[in-house]
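Beneath this line is the structure, given in structure tokens, with notes to follow.
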There are 2 protein chains.
Amino acid sequence: MARSPSKPITEHLAYLLAQANREINRQLDARFRKEGVPVEQWRILKVLSDGKGHSMGELAEAVLLNHPTLTKMIDRMVSDSLVYRVQDADDRRKVLMFSSDRGKALTQRLNSLALSQEAFIAESYGNKATADLKRLLESLIEKAN
Amino acid sequence: MARSPSKPITEHLAYLLAQANREINRQLDARFRKEGVPVEQWRILKVLSDGKGHSMGELAEAVLLNHPTLTKMIDRMVSDSLVYRVQDADDRRKVLMFSSDRGKALTQRLNSLALSQEAFIAESYGNKATADLKRLLESLIEKAN
DNA sequence: TGGAAAATATTGAATATTCAACGATTCCGG
DNA sequence: CCGGAATCGTTGAATATTCAATATTTTCCA
């Protein structure tokens, strides 16, 4: 008896997520191209835009990067004068990250590029579908933790 | 007048997708750990499991990898005797990839690990939510292309 | 309080990915 | 049918990421 064919890769949730993620990221990257900034740096800048200092660990968690990768990306951003390090006085193991003025200005430009992308998506995809998708993703993430 | 705070990163579709993708992939990777195979190799093996030869370009598209990355991953898989190359007789620029017997056996073990993960997700997340999410992702991907 | 254990961030080596350039083959207009 | 342009896959160099090990500081408990 022949084995029944297994479910195609395109029907797996993990694959659909990877595919959607890749496509959306690619589009966002294309918009960020003219600023020469990868999506991860936008996330970092955005988290830092509250003006409060954020530790490396906190940042790594928030921007979905592991510690060594973040350290090296921050090194580059420091070279570009987008962010700076301050040792935490209360816990000297920690380093607090802050956005520079240059970083803040860049953040605003990136934010508007990102918003325009979201608008573009919502337009072709529909507001309801977008909202539903976001809600489902939030709930999946919550369940997965 | 103070600038109104911009939308937090956690409310962006691109971020939610990245977060969900990372989490699901991490879980899948954990299950694949004992076979020592990254998720990408499972995708490759799965696509090749139809027994037909697939060109590198076709594969790269299907498994969401760009050409040079795929070439090098295939090199490793050839070393591990999971797949093999055959030059396409009809178009000698092309290389057709096939899964070896060893590759096929591994594919089946990986498939069942993947299915068990899907079952696990559907259990805590709900069948309806899972189906809705898949449908929305498919539709997003379609619109994005 | 002393010192082992935990938490935090960085480093260096190993590994993987990406970008640009290349070689081989096929396609196609004239 | 010839020759330039396009397609396909690979390679090497540059870049980025990851893993394991390290240094520093703090926590905690015996």
Side-chain angles (χ1 to χ4, degrees), chain A residues 18 21-23 25-30 32-34 36-44 47-48 52-80 82-98, chain B residues 18 21-23 25-30 32-34 36-44 47-48 52-80 82-98:
Chain A
N21 181 49
R22 189 171 86 137
E23 194 51 41
N25 249 287
R26 188 176 273 174
Q27 289 180 11
L28 195 53
D29 246 326
F32 286 176
R33 191 68 36 108
K34 70 170 173 182
V37 176
V39 172
E40 289 79 10
Q41 293 197 10
W42 170 58
R43 292 195 202 129
I44 293 171
V47 170
L48 297 187
K52 307 189 181 85
H54 293 264
S55 75
M56 291 296 283
E58 207 181 324
L59 252 190
E61 185 61 27
V63 305
L64 314 176
L65 253 31
N66 54 23
H67 287 219
T69 305
L70 178 63
T71 291
K72 285 153 192 172
M73 183 161 286
I74 289 289
D75 286 347
R76 281 169 246 147
M77 295 175 78
V78 169
S79 298
D80 294 342
L82 295 173
V83 299
Y84 58 94
R85 293 176 159 99
V86 176
Q87 190 175 61
D88 186 340
D90 294 340
D91 182 342
R92 294 188 347 250
R93 289 171 304 185
K94 293 186 183 173
V95 170
L96 299 180
M97 298 304 312
F98 291 89
Chain B
N21 181 49
R22 189 170 85 138
E23 194 52 41
N25 249 285
R26 187 178 273 173
Q27 288 180 12
L28 195 53
D29 246 326
F32 287 176
R33 191 68 37 104
K34 72 169 172 183
V37 176
V39 172
E40 290 79 9
Q41 294 197 9
W42 170 57
R43 291 195 203 129
I44 293 173
V47 170
L48 297 187
K52 307 190 181 87
H54 293 265
S55 74
M56 292 296 281
E58 206 182 326
L59 252 190
E61 186 60 26
V63 305
L64 315 177
L65 253 32
N66 52 24
H67 288 220
T69 305
L70 178 64
T71 290
K72 285 153 192 174
M73 185 160 285
I74 289 288
D75 286 346
R76 282 169 246 147
M77 294 176 78
V78 169
S79 299
D80 295 342
L82 296 174
V83 299
Y84 58 93
R85 293 175 160 99
V86 175
Q87 191 176 66
D88 187 340
D90 294 339
D91 182 342
R92 291 182 355 249
R93 289 170 304 184
K94 292 186 184 173
V95 170
L96 298 180
M97 298 304 313
F98 291 90

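The sequence lines fix the lettering, A, B, ..., with proteins before strands; numbering per chain opens at 1.
- For the OP1/OP2 pair of D:dG9 and a distance below 4.0 Å, the side-chain nitrogens and oxygens of B:S55 include at least one atom meeting the criterion.
- Whole-Å rounding puts the A:R93 CZ to C:dA5 P distance at 16 Å.
- Judged by distance alone, with hydrogens and angles left aside, B:R92 brings no side-chain donor or acceptor close enough to the base of C:dT25 to form a pair under 3.5 Å.
- Summarising the geometry, the separation between CG on A:L96 and P on C:dT8 is reported as 12 Å, rounded to the nearest angstrom.
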Worksheet item: What's the verdict on side chain to side chain contact (heavy atoms under 4.5 Å, CB included) for B:V86 and B:V95, showing C-alpha distance, side-chain angles and the deciding distance?
Response: CA-CA 6 Å; B:V86 175; B:V95 170; over 6 Å; no

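- B:D80 pairs by the salt bridge (charged side-chain N to carboxylate O under 4.0 Å, His left out) definition with nothing, not counting sequence neighbours.
- Remark: the backbone N or O of A:R92 is paired with a side-chain donor or acceptor of A:Q87 at under 3.5 angstrom.
- For B:Q87 and C:dT25, the CD to C1' distance is 9 Å, given to the nearest whole Å.
- With rounding to whole Å, A:E61 atom CD is found 12 Å from C:dA9 atom P.
- We find that CG of B:D88 is positioned 9 Å from P of D:dG9, with the value rounded to whole Å.
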Could you go through residues 62-69 of chain A and list every donor-acceptor pair under 3.5 Å that involves a side-chain atom there, pairing it with any protein atom two or more places apart or in another chain?
from	atom 1	to	atom 2	distance (Å)
A:N66	OD1	A:T69	OG1	2.6

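- Distance, B:D90 CG to D:dT7 C1': 16 Å, rounded to whole Å.
- Taken to the nearest 0.5 Å, the CE atom of B:M56 stands 13.5 Å off from the CD atom of B:E61.
- Taking atom CG of residue B:D91 and atom P of nucleotide C:dC28, one finds them 12 Å apart after rounding to whole Å.
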Worksheet item: When every nucleotide of nucleotides 10-18 of chain C is labelled 5' to 3' by its protein contacts under 4.0 Å (heavy atoms), B for base, S for sugar-phosphate only, - for none, what sequence of letters results?
Response: BBBB--SBB

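- A:H54 has its NE2 atom 16 Å from the P atom of C:dT8, to the nearest Å.
- To the nearest 0.5 Å, the span separating CD on B:E58 from CG on B:L96 amounts to 8.5 Å.
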